[in-house]
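All remarks here apply to the structure that follows.
Every value quoted in this text rests on a predicted model; they were computed, and no experiment measured them. Only this structure's heavy atoms are used, side chains among them; waters, hydrogens and symmetry mates stay out. Chain letters run A, B, ... following the sequence lines, proteins first and then strands; every chain starts at 1.
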There are 2 protein chains.
Amino acid sequence: MSSESLKIFAETETCPARNVLDRFGDKWSTLVILVLNEEEKLRFNEIHKVIGDISQKMLTVTLRSLEADGLVSRKVYPEIPPRVEYKLTDLGKSLVPHISSLIKWADQNFSSIMASRSKYNQKAN
Amino acid sequence: MSSESLKIFAETETCPARNVLDRFGDKWSTLVILVLNEEEKLRFNEIHKVIGDISQKMLTVTLRSLEADGLVSRKVYPEIPPRVEYKLTDLGKSLVPHISSLIKWADQNFSSIMASRSKYNQKAN
DNA sequence: CGGAATCCTGTAAGATACTG
DNA sequence: CAGTATCTTACAGGATTCCG
């Protein structure tokens, strides 16, 4: 993969790479995508329950931005009490394998990274 | 890929997935990795020049944390003026393909995402 | 040249309370 | 149930200065 093909040095707003990497720069987006990937469709509180430590506000914010990007679709049922279902769009699904491969790498190299970290911190003290 | 194999719901500190995703949560790490991937070895100011809009401080911080994780190696030459060379470790190199596949996805779907974004923002107003 | 040290600010994100 | 509305805070990251 050549340098030119990456185009990672453009301004953030117009650079696909930076733009999308920024999307994963937040704390919850990837996690929500992965959760949605496991169940086809999920309600707000179901997602909330699965990700124990996300606040209601951040789950809303995250879902809204994923929806804005066309990665997640939101379907409201006009009932009382209200019911809202979230699911990955095709675009969202097409992203999952790439995230998964990253997770897989993480799993495989986690102990190595942690070992390196503690070794590095030792030297510092 | 099953839910169980992902293990994304554990505590952040002990969860490989979250731990590594957090690493890419910062603004510059992936960018620095990609830059280092293109040149085999680079000096501090060379990296700085390639990534035009990173501050000296953040480049230092980023390189240090990448070094701590064992993704980047740092070699100091005892000369005056000082010379320091950075390069990816094998571990760092093994990560690159996964990032690249993400970038590739970003490139391919950027216009689609941007279109979705502006459409979403229209509705909001 | 390659940083370190300090100061400062914007914003992501948490806590809490309220609502159709 | 699925949010919205505020308020508050921590910390990432920028700007600047100094140093071996």
Exercise. Please determine, for the side chain of B:Met58, which listed nucleotide (D:dA2, C:dG3, D:dG14) has the closest atom?
Key: D:dG14
Quiz item: If only side-chain N and O atoms of B:Arg74 are considered, is one of them under 4.0 Å from the OP1 or OP2 phosphate oxygen of C:dG3?
Solution: yes
Quiz item: For A:Tyr86 and D:dC1, is the shortest distance between a side-chain N/O and OP1 or OP2 below 4.0 Å?
Solution: no
Practice problem: Please figure out whether A:Pro81 or B:Ser55 has its closest DNA chain D nucleotide nearer the 5' end. | Solution: A:Pro81
Self-check item: Polar contact flag, side-chain donor to acceptor under 3.5 angstrom, B:Arg23-B:Ser65
Solution: yes
Practice problem: Could you give me the CA-CA distance, side-chain angles and deciding distance for A:Lys41 and A:Glu85, then say whether salt bridge (charged side-chain N to carboxylate O under 4.0 Å, His left out) is met? | Solution: CA-CA 6 Å; A:Lys41 61 178 67 174; A:Glu85 282 178 353; 3.7 Å; yes
Quiz prompt | Whole angstrom value for the distance that separates P of C:dG3 from NE2 of B:His48 | solution = 12 Å
Quiz item: Ignoring hydrogens and angles, does a donor from either the side chain of A:Lys57 or the base of C:dA13 sit under 3.5 Å from an acceptor on the other?
Solution: yes
Practice problem: Let me know the distance between CG of B:Asp53 and C1' of D:dA15, rounded to the nearest Å. | Solution: 15 Å
Quiz item: Expressed in angstrom and rounded to an integer, what is the separation of B:Glu46 atom CD from C:dG3 atom C1'?
Solution: 16 Å
Self-check item: A:Val84 vs A:Tyr86 side-chain heavy atoms within contact, under 4.5 Å
Solution: yes
Quiz item: Whole-Å distance between D:dT4 P and A:Phe44 CZ?
Solution: 8 Å
Quiz prompt | B:Arg83 CZ - C:dC1 C1' separation (whole Å) | solution = 11 Å
Quiz item: Looking for any heavy atom pair under 4.0 Å, which part of the strands does A:Lys27 touch: base, sugar-phosphate only, or nothing?
Solution: sugar-phosphate
Practice problem: Kindly compute the distance separating OG (B:Ser29) from CG (B:Leu63), expressed to the nearest 0.5 Å. | Solution: 9.0 Å
Quiz item: For the pair made of CD1 in A:Ile54 and C1' in C:dT16, what is the distance, rounded to whole Å?
Solution: 17 Å
Quiz prompt | 5' precedence on DNA chain D between B:Asp26 and A:Gln56 (nearest-nucleotide basis) | solution = A:Gln56
Exercise. Quick one: pull up NE2 in B:His98 and OG in A:Ser101 and give me the separation to the nearest 0.5 Å.
Key: 4.5 Å
Quiz item: Within this structure, what is the CD1-to-P distance between B:Ile80 and C:dG3, rounded to whole angstrom?
Solution: 15 Å
Quiz item: Tell me: CG of A:Leu59 to C1' of C:dA15, nearest whole Å?
Solution: 16 Å
Practice problem: Between C:dG2, D:dG3, D:dC1, spot the one nearest the side chain of A:Pro82, thanks. | Solution: D:dC1
Quiz item: What nucleic acid atoms does B:Tyr77 come within less than 4.0 Å of, heavy atoms only: base, sugar-phosphate, or nothing?
Solution: nothing
Quiz item: Is the backbone of A:Arg64 close enough, under 3.5 Å, to the side chain of A:Glu67 for a donor and an acceptor to pair up by distance?
Solution: no
Quiz item: Bend angle of the helix from C:dC1-D:dG20 to C:dG20-D:dC1 from five-pair axes at both ends, rounded to 10°?
Solution: 50°
Quiz item: Under 3.5 Å, is there a donor-acceptor pair linking the side chains of A:Asn109 and A:Ser112?
Solution: no
Exercise. Might you work through the salt bridge (charged side-chain N to carboxylate O under 4.0 Å, His left out) test for A:Arg18 and B:Asp53, ending with a clear yes or no?
Key: CA-CA 12 Å; A:Arg18 290 208 192 188; B:Asp53 54 343; 3.0 Å; yes
Exercise. Look at the side-chain N and O atoms of B:Arg43 and state whether any lies under 4.0 Å from the OP1 or OP2 oxygen of C:dG2.
Key: yes
Practice problem: Using the closest heavy atom to pick a nucleotide of DNA chain C for each, name whichever of A:Trp28 or B:Val84 lands nearer the 5' end. | Solution: B:Val84
